Amino acid sequence: MIAALLCGCSALSQPTATPTQTATNTPTATPAPTELPSSNPTETATPAPTAVPSATPSPTDSPTPTPTATPTATPSPTNTPTITPLPVLGFVFDNWDVVDVPAAIAGGLDSAMIAFSSSNNRQTIANIATAQPFTGVQTVYFVSPTGSQRYISVLELFSTRSLEVFVAPRGNALAYVKTDDDPRTSGLYVLDLETGFSARLLPGLNPLVQRGHYMAPDWSPDGSQLAIAVATGYDIEIYLAAKDGSAPFNISAKGSYDLWPRWSPDGRHIAFVSDRADCPSWIPGETDFCDALIKPPPIDGQVYIYEVASGRSWQLADVAVSEPPKWIDDTRLAFASGGPFDLANPQRRIWRADIETGEARELRIAGGSPSASYLSDSWSPAGNRVVVQLADNRNEIVLLDAAGRLLGRDSELDFPRFGMTASWSSDGARIAIGGTAGQCPFGIRVKNSGFGNVASGSPPPTMCNPRFSPDGQYIAFTGVNPSVDGRNDIYIASYNGFGATSLTRSLRGQVELIGWVGG
């Protein structure tokens with residue numbers, strides 16, 4: 001349970017990593033947002049990479065020096081700017097809080113648990129169909145898949161909208177967006193579940209939307225650092241912040257639009273998308289800068305890899321990408337090109353790349369329709385198979401190998417476009433397939449590695465956003481039971497999809513699955 005202190009307090013001590021700004025003794029005072037740097041003047045410029053999708057490029061960028069621990073002022077351009085800097089909401093370090101972390105989860109989780117959020121839990125009523133005014137209470141819970149323990153309350157606070165929550169893989173930290181229509185307290189927060197310290201990192205009613213791009217933050221595998229993309233006066237940069245929110249530093253510093261950072265499973269690399277090959281800088285006066293009065297802001301870029309230990313970055317492939325890349329394993333990456341917003345390439349294509357060899361290849365069914373889109377791809381743990389929603393004149397779910405050979409298909413699972421999600425068990429022997437974003441017309445569906453049916457149930461409950469546990473023994477998913485007032489609950493089922501049981505039936509509000517944590 002949280003000890004609500006939502007503003008800075010003089011009785012609190014700052015964590016060891018001390019931010020550059022000094023904490024104020026006035027509880028309600030919020031530091032004014034500061035503009036972030038758009039480049040690092042000490043960094044060596046990176047030559048344009050030359051990788052191509054089917055070739056094996058070598059990184060051509062020169063090593064990037066380790067950036068300074070705190071943002072510096074934006075350097076003055078050499079020429080008169082053609083455009084003034086856009087307003088930004090920079091990093092703050094305020095609204096300190098102390099959370100009473102339950103002993104069962106302090107410092108991380110040894111065994112896997114399910115994280116979910118609950119809003120408007122009407123605890124004083126027995127009949128879930130009974131109306132009650134909105135309570136505004138938002139709670140993040142951890143719960144065991146066996147149901148042997150009661151819900152563990154990790155965070156509870158008041159917010160006018162449902163929380164967006166991002167939990168570190170080890171369960172030792174989380175980030176969340178709090179919105180209560182008060183600019184002094186709304187924004188992105190971080191919570192260290194080892195110390196109980198919490199603070200606001202970014203202000204704003206919608207801090208994850210920067211220059212029109214929605215970019216969720218991403219935790220390092222050990223939960224020590226949060227990668228986040230933040231707009232500066234002219235561009236978007238990627239920063240790393242410690243889990244106590246202190247000392248964010250810039251790892252991109254190129255003056256370009258750097259988007260969607262994603263940590264590799266081993267924590268050695270960060271993949272991101274950048275337009276730097278097309279626009280080395282958006283800062284007026286810099287070499288080869290793009291004039292924002294003439295050129296529209298980018299909607300895509302190429303995939304780049306940042307090596308954490310050396311600070312070196314390089315372009316992975318010369319493919320236009322307009323969505324976050326996804327790691328398959330420590331060295332292989334999946335990404336997509338084209339899409340409904342790309343008028344020149346409206347069909348979505350899927351690619352697999354190796355960051356060590358630089359090889360990037362498109363995956364497509366030989367002789368398949370050129371107008372088909374490959375949607376909602378989910379790769380096996382070994383990276384040799386992928387489940388895809390194939391959308392053309394009709395929608396169907398197919399299983400392909402890494403060479404694009406068709407291994408199986410299911411034409412009965414006619415999900416809306418972009419309405420399918422799949423999850424593989426850790427041994428690659430089972431695949432759970434469900435809907436997403438509330439578009440979940442089918443019951444529990446689990447297939448084997450050859451795409452044969454293991455479980456083929458009908459609603460209720462429906463299956464939405466299925467997630468295998470890290471050990472592959474359980475499937476967590478959300479489902480609607482129309483016989484109980486259309487109630488949405490979180491269910492747990494066995495490895496094969498049988499024995500589904502609601503884990504949230506005792507709650508009287510809306511629940512949302514966050515995912516597995518720990519283990």
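These numbers come from a predicted model, not from an experiment.
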Looking just at side-chain N and O atoms, do [X] and [Y] make a donor-acceptor pair shorter than 3.5 Å?
X      : Y      : value
Thr185 : Asp180 : yes
Thr331 : Glu356 : no
Asp427 : Ser425 : yes
Ser310 : Glu307 : yes
Tyr151 : Ser506 : yes

### Query
Is the number of heavy atoms from other residues, nucleotides or ligands under 6.0 Å of Glu512 CD greater than 12?
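For Glu512, atom CD is not crowded (no more than 12 foreign heavy atoms under 6.0 Å).
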### CZ (Arg268) with more than 12 external heavy atoms under 6.0 Å
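Atom CZ in Arg268 is not packed in, count stays at 12 or less.
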Looking at [atom1] of [X] and [atom2] of [Y], how far apart are the two atoms once the value is rounded to the nearest 0.5 Å?
X      : Y      : atom1 : atom2 : answer
Ser380 : Leu400 : OG    : CG    : 11.5 Å
Glu156 : Ser118 : CD    : OG    : 9.5 Å
Ile270 : Trp327 : CD1   : CH2   : 9.5 Å
Leu163 : Thr139 : CG    : OG1   : 8.5 Å
Asp401 : Leu406 : CG    : CG    : 9.0 Å
Asn448 : Ile431 : CG    : CD1   : 7.5 Å

Evaluate the side-chain proximity of [Y] to [X]: yes if any heavy-atom separation is below 4.5 Å, no if none is.
X      : Y      : value
Phe468 : Arg430 : yes
Val319 : Ser337 : yes
Asp258 : Ile236 : no
Ile105 : Val154 : yes
Phe166 : Trp219 : yes
Lys447 : Ile433 : yes
Ile397 : Arg409 : no
Val517 : Pro169 : no

Is there a donor-acceptor pair under 3.5 Å between the side chain of [X] and the backbone N or O of [Y]?
X      : Y      : answer
Asp489 : Ser502 : no
Ser373 : Arg348 : yes
Ser220 : Gln225 : yes
Asp354 : Glu359 : no
Ser198 : Val190 : yes
Thr478 : Cys464 : yes
Trp263 : Asp218 : yes
Gln138 : Leu155 : no
Arg385 : Leu399 : no
Asp471 : Gln473 : yes

For [X] and [Y], which heavy atoms make the closest approach, and how far apart are they?
X      : Y      : answer
Leu191 : Gly196 : CD1-O, 3.9 Å
Ile355 : Asp330 : CD1-O, 4.0 Å
Gly383 : Ile328 : CA-CG2, 3.6 Å
Leu363 : Ala403 : CD1-C, 3.8 Å
Asp266 : His269 : OD1-N, 4.4 Å
Lys178 : Tyr189 : CB-CE1, 3.9 Å

### Task
Name the orientation class of the two ring planes belonging to Tyr491 and Phe477 (parallel below 30°, tilted from 30 to 60°, perpendicular beyond 60°).
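Rings of Tyr491 and Phe477: parallel, as their planes differ by under 30°.
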### Query
So His213 and Trp260, would you call those rings parallel, tilted or perpendicular, with 30° and 60° as cut-offs?
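His213 and Trp260: perpendicular rings.
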### Task
Given side chain to side chain contact (heavy atoms under 4.5 Å, CB included), test Thr504 with Ile490 step by step and report yes or no.
CA-CA 6 Å; Thr504 55; Ile490 294 173; 3.9 Å; yes
### Task
Quick one: do Asn465 and Thr421 satisfy side chain to side chain donor-acceptor pair (under 3.5 Å)? Show the steps, please.
CA-CA 6 Å; Asn465 299 311; Thr421 185; 4.8 Å; no
### Message
For Phe116 and Phe142, I'd like to know if the aromatic rings sit close, meaning centre-to-centre distance below 6.0 Å.
### Response
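Here the rings of Phe142 and Phe116 have centres that are no less than 6.0 Å from each other.
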### Query
Going through the distances and angles, do Leu413 and Arg445 end up as a side chain to side chain contact (heavy atoms under 4.5 Å, CB included)?
CA-CA 10 Å; Leu413 295 178; Arg445 300 297 174 98; 3.3 Å; yes
### Task
Could you give me the CA-CA distance, side-chain angles and deciding distance for Leu226 and Leu240, then say whether side chain to side chain contact (heavy atoms under 4.5 Å, CB included) is met?
CA-CA 5 Å; Leu226 186 69; Leu240 299 184; over 6 Å; no
### Task
Could you tell me whether Arg276 sits above the aromatic face of Tyr304, with NZ or CZ closer than 6.0 angstrom to the six-membered ring centre and within 45 degrees of the axis?
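The answer is yes, since Arg276 meets both limits relative to Tyr304.
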### Message
What verdict does the side chain to side chain contact (heavy atoms under 4.5 Å, CB included) test give for Phe272 and Arg262, after you've listed the backbone C-alpha separation in whole Å, the side-chain angles of each residue and the deciding distance to 0.1 Å?
### Response
CA-CA 6 Å; Phe272 62 99; Arg262 292 293 183 270; over 6 Å; no
